[in-house]
Amino acid sequence: MNIRRELEQRLSAAMAKAIGQDAPAMVAPSARPQFGDYQANGVMSVAKRLKTNPRELAEKVVAAVDLSDLAENLEVAGPGFINITLKDEFLQQQVAKSLADKEHLSVPLAASQQTVVVDYSAPNLAKEMHVGHLRSTIIGDALARVLDFLGHNVIRQNHVGDWGTQFGKIILSIWHLCMEEKRNDPHYLNRSDEKLKALPDKDDPAERKKALTPIWKQHQKDLYEDWDGKVFKDYLEKITSVLTFDDLLPAYQFVNLVESLAEGTDLIIDSSPDHKPVELAKVSSHVTQMLQNFDKPENKQEKDAWEYAKELTLKSCDKIYDRLGVLLTSDDVRGESAYNDDLPKVVEALKDKGLLTESEGAQCVFLDEFRNKDNEPLPVIVQKSDGGYLYATTDLAAMRYRVCELHAGRILYVTDSRQALHFKQVFAVAKAAGFVPSGVSLEHVPFGTMMGKNNRPFKTREGEIVKLMNLLDEAEQRALDLINIKNPDLPDEQKLDIAKIIGIGAVKYSDLSHNRASDYVFSWDKMLALDGNTAPYMQYAYARIRSIFRKNEHQASRDRQGADKPVARITLADPAERALAVKLLQFAETVEAVAAESLPHLLCGYLFDLAGAFTTFYESCPVLKSNEPTRSSRLALCEATATTISIGLGLLGIETVEQM
RNA sequence: GCGCGCGUAGCUCAAUUGGAUAGAGCAUCGGUCUACGGAACCGAAGGUUACAGGUUCGAAUCCUGUCGCGCGUACCA
């Protein structure tokens, strides 16, 4: 049961009766123990509005409500708070009830179940996942799990960046790989790349030109021999069986480097069959443009190359997802390219609605609410002056798909907070154009940056972006080091398994436990610490409880012959027992709040509080040493706590261990 | 310039969205216990919530201004 909501509903109804209009009771857990378990704050603001005495009004509300099945007498306190103390009997029943439902802890399903699209992760083609992708992936996954837990129909969407400017570069880099293979010169790209990187003065165009000249010549020559793409085609077939993601990456970076260095030089590639000379710096964008009709048979090798790059990239992402325990699969991938055919239709539809304006050659939507410094309208550009489309267009197309095909009632976009303006604009355009009915909720779920100790974005010592693989490796290694110190007697294999769970859990939890809206400082030591609001602390609390049960089963092993033991009657004699019970029962309302606000850190905070309540209980209330029936009752509280921690961490995508 | 966001204890973060005396963990200081897993527990100290006004029963939260930081700001995503 969601106690908070139950109280809210009953008290709100009583308020409506008392004052004749609807007003929220504003029930929240009490700020202090002396004020009971919950407090209702709504009376005061209503009284203000009605200009009546808040205390008198509170008394009226108290008289009008019947909470006798779950609460002691209500008290009006201070300027008009209503303090609620739950009945012990009620708490006992509820804990027993949730314990009987081990899968779901009797957390009620959402009253109105929605189809919720969660858009998260979104890696890019031919790039390795790095820390920049971590937050989206983890937060999105946790939200998806929570929504699913509450009975919503969750559709995960991995909006992979598989189109756009990098598109031509990818094809070009694979072409280079093919040419390398054809010349039987397997280290050509590496050699060239190293030479370019060693360039003493990258700011000097003459130097750059000099360094690029051999590469440029080779490029010309290769192109001359492959003017019809036949070599590309033949060798593509040959290399695809052996090519790996690790081959693709450097090739892609090589193309990037060449093009950035060629900027401002007069190096021209002119061996192409159409005799249109192209700047060396713009070959890849030329490739992109050339392939407007991507599906034509003569472009098959380009398409194959791109698809192959996509396959390699996604495989590499899957490894990360697998290690992270993220639920995304290939079925959830619907990249930007999936919307290519819809883009002209989106622009057409905007035109039909009369929303489209041409400005400086680009197709724009101007909405009144977006203005620049001088109060001039700010455009949302949906088509570039060269005819190309932008991410706004793709997002609009994706929205239409999600609403029309997936029947989304709510769409969550888990992306960096820097995209806030973009989403604000795109949402407004979608609503204005009627792409998304007003009943559908479009929500940007923004998050801040992961920072290093220096309060700058998290980088390696060398100042490079941290690859996710490396980050996870280090997390597991550090966890293993810790286990070796703290629990050296465990078998090695088990140590490794535990290290994985602890290491990955720590990374995820440290991310999820912070309010996602703000930047947070990443710290190895803090996230693996056993004190404070960390994953290991929670996992340790769990392992300790499990240890009690192992010991108990050992003691009582002969008594039970597989028969299900009845759920013990729970008594709450000690204040610590009672406080733990109240905390346990707040799981439902916490999960619901996480789903409503898309704030996973609320769940982390709750689990930490729960672990705290348990520790207090654990210290003051002996379990195995106490006599029946107290013993069974306390064991039940232990079990309820362990289950809540396990399910709670599970909703965050974090596993528990029996020993650590 | 304009827009958005942020500024809370020495450090890292909370504060149930306007509620009662702003809470945790680290670090510091002090204490407990032959310990159901010591990777423990309890306590103390630490705050004019950047600053100045305002709104009201009540403000870290809302409004105005100032300072500081971050991000964004027409064809990248």
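Numbers restart at 1 for each chain; the letters A, B, ... are given by sequence-line order, proteins then strands.
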Review item, side-chain donor-acceptor pairs of residues 582-589 of chain A, under 3.5 Å, at least two apart:
from, atom 1, to, atom 2, distance (Å)
A:Lys583, NZ, A:Gln586, OE1, 3.1
A:Glu589, OE1, A:Arg4, N, 3.2
A:Glu589, OE1, A:Tyr38, OH, 2.9
A:Glu589, OE2, A:Tyr38, OH, 3.2

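Remark: the separation of the C1' atoms in B:A45 and B:A40 is 22 Å, to the nearest Å. Here the separation of B:U66 from B:U28, taken at their P atoms, is 43 Å to the nearest Å. On the P atoms, B:C4 is 10 Å away from B:U64, given to the nearest whole Å. Comparing the same atom, C1', in B:U56 and in B:A50 gives a spacing of 24 Å after rounding to whole Å. Only the C1' atoms considered, B:U17 is 15 Å distant from B:A22, to the nearest whole Å.
Under the 6.0 Å cut-off for aromatic ring centres, A:Phe617 and A:Phe614 qualify, their centroids lying closer than that. For A:Phe608 and A:Tyr509, the ring centers sit 6.0 Å or farther from each other.
Distance A:Tyr38 OH to B:G19 P: 17 Å, rounded to the nearest Å.
Here B:G19 is the nucleotide among B:G25, B:G37, B:G19 with the atom lying nearest to any side-chain atom of A:Asn41.
One donor-acceptor pair, N or O on each side, does fall under 3.5 Å between the base of B:A74 and the side chain of A:Ser359. Residue A:Lys424 places no side-chain atom within donor-acceptor reach of the base of B:G3, judged by atom type and a 3.5 Å distance cut-off alone. On a pure distance criterion of 3.5 Å, no polar donor-acceptor pair joins the side chain of A:Asp531 and the base of B:A40.
A sub-4.0 Å separation between OP1 or OP2 of B:A15 and a side-chain N or O of A:His601 is present. Considering only side-chain N and O atoms, A:Lys384 lies under 4.0 angstrom from the phosphate OP1 or OP2 of B:C76. Between A:Lys625 and B:C36 there is a side-chain N or O to OP1 or OP2 distance below 4.0 Å.
Put simply, A:Tyr618 rests on the base of B:C36: the two rings are less than 5.5 Å apart at their centres and nearly parallel, under 30°. In this structure, A:Phe81 forms an aromatic stack with the base of B:A20, since both conditions hold: centre separation below 5.5 Å and plane angle below 30°.
Below 30°, between 30° and 60°, or above 60°: for A:Phe522 and A:Trp524 the angle between ring planes is above 60°, a perpendicular geometry.
For the side chain to side chain contact (heavy atoms under 4.5 Å, CB included) with A:Asp395, the lone residue among A:Glu336, A:Gln419, A:His422 that qualifies is A:His422.
Taking the syn range as angles within 90° of 0, the glycosidic angle of B:U34 is outside it, so the base is anti.
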Watson-Crick and G-U pairing of RNA chain B written in dot-bracket, each distance under 3.5 angstrom, with | for inter-strand partners: (((((((..((((.....[...)))).((((((....).))))).....(((((..]....))))))))))))....
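Both cation-pi conditions hold for A:Arg334 and A:Tyr339: the charged atom is under 6.0 angstrom from the six-membered ring centre and inside a 45 degree cone around its axis.
Although no hydrogens or angles enter the test, the distance criterion places no donor-acceptor pair under 3.5 Å between the side chain of A:Glu358 and the main chain of A:Ala362.
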